[in-house]
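See below for the structure under consideration.
Only a predicted model underlies this, so the values are computations on that prediction, with no experimental measurement involved. The first residue in the sequence is number 1, and the count goes up from there.
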Amino acid sequence: MGKIFKTALTGGPCGGKSQALGYLKNRLEALGAEVFILNETASELMNSGITPESVGSYEFHSRLFEKQFNKEKELTLKAQASKAELAVILCDRGLLDNRAYVTREEFERYSAKFGLGENQIRCSYDAVFHLVTAADGAEESYNLDNSVRKESPCQAKKLDAELLAAWTGAPHLRIIDNSTGFEQKLERLYAEVKAAIGIPKPLEIERKFLIEYPDLELLKSLKTCRRVPITQAYLNTPDEGRFRIRKRGEGKDAVFIKTVKNKINELTRVEVESYISEKEYLSYLGNKRYVDGVISKDRYCIAQNSTYYELDVYPFFNDRATLEIELLSEEQPYVLPDFVKVIREVTFEQEYKNKYLAVLYGDRCDGAQFE
């Protein structure tokens with residue numbers, strides 16, 4: 001079994017998801033990947049006569065969730081059986097799209113049947129790509145004549161915002177807007193998909209900024225902002241060398257991730273992530289002699305300006321925080337949120353690297369070394 005990459009394409013009506021599936025399939029297969037496509041489950045149900053009007057909203061979305069869950073499970077098994085070095089699962093909408101159509105209580109009622117919380121669902125996709133509806137920025141192209149959905153442009157924009165809010169908090173979320181023509185929109189999507197998969201290499205290109213302590217009430221009021229508690233530890237073991245483990249989320253909804261990074265320069269790193277069990281996470285954490293440091297923080301994931309920001313608030317700072325953005329290239333232009341007050345860029349400053357902060361302010365171990 002080679003590498004398996006599962007992604008969800010989301011966004012409001014008429015964003016280009018259906019066209020993007022075929023486009024991505026052709027481009028990725030040309031690179032040697034085996035591609036598995038999960039077409040939109042909601043349309044399948046409605047075309048068969050099962051609609052929110054005929055069975056009720058809750059029952060419809062409960063059936064939709066179960067059907068999509070089983071289809072994703074089936075495709076994952078096929079991907080695991082693939083002999084290709086790379087198997088890609090492309091989902092036209094993900095399980096969390098349901099959240100935009102029902103209340104939190106309703107969603108939790110049927111997702112709990114599968115033992116899944118919202119954070120676990122967000123993290124179950126290696127990447128999520130939000131294709132903004134044509135009703136927002138490409139109004140002349142908004143057309144639902146061949147669709148079972150009949151939202152007005154105003155309704156489409158509102159639904160697009162609800163979907164983006166539902167997925168905000170995912171580890172890897174990218175927003176593909178309508179700032180270019182549709183062909184260029186697909187090209188931008190393909191570039192983001194390749195980068196997320198790690199083609200040609202799994203590079204992480206980030207810029208980090210030191211900012212004044214943010215207005216937490218303002219952050220909480222933003223529709224596309226979500227707080228994600230994170231605890232991460234840095235280890236150096238005889239068998240595996242240096243790596244990081246992370247707990248993302250809290251309680252039964254938490255997920256656990258192991259990350260190995262190899263630095264190319266101060267901006268760019270080769271990053272390889274894998275999910276581990278809670279038992280493995282606690283085992284690593286319990287072996288104190290190999291733990292260089294542990295840090296806890298609140299990460300506010302923010303989707304704004306067609307950009308995904310990660311704003312980290314630390315328990316040991318009451319006057320500052322950090323903001324990170326991930327780029328496709330070291331030269332890529334970017335815009336920072338207008339509600340943050342930047343002190344300076346600290347991408348190249350060692351004292352604001354998480355590993356340094358973990359050792360300096362977290363659970364400290366003797367002999368810690370920094371890269």
Is Glu118 salt-bridged to Arg122, cutoff N-O under 4.0 Å? yes
For this output row, return yes or no: ring centroids of Tyr300 and Tyr309 closer than 6.0 angstrom. no
Residues in side-chain hydrogen bond (donor to acceptor under 3.5 Å, both in side chains) with Glu44, at least two apart? Lys71
Do the numbers put Lys258 on top of the ring of Phe243, so that NZ or CZ is under 6.0 Å from the six-membered ring centre and no more than 45° off the axis? yes
Out of curiosity, Arg227 CZ to Asp298 CG, how far, rounded to the nearest 0.5 Å? 4.0 Å
Give a yes or no on whether a salt bridge exists between Arg207 and Glu326, defined as a side-chain N under 4.0 angstrom from a carboxylate O. no
Can we say Glu72 and Lys6 salt-bridge, meaning some charged N sits less than 4.0 Å from an Asp/Glu carboxylate O? yes
Short N-O contact, Arg27 and Glu187, less than 4.0 angstrom: yes
Taking the six-membered ring where the residue is Trp, are the ring centres of Tyr101 and Phe107 under 6.0 Å apart? no
For Arg320, what residues pass the salt bridge (charged side-chain N to carboxylate O under 4.0 Å, His left out) criterion, not counting sequence neighbours? none
Hey, can you tell me if Phe65 and Tyr110 have their rings parallel, tilted or perpendicular (30° and 60° cut-offs)? tilted
Please tell me whether Tyr334 and Phe209 form a close aromatic pair, meaning their ring centres lie under 6.0 Å apart. yes
Looking at Glu217 and Lys220, is there a salt bridge between them, counting it only when a charged N and a carboxylate O are closer than 4.0 Å? yes
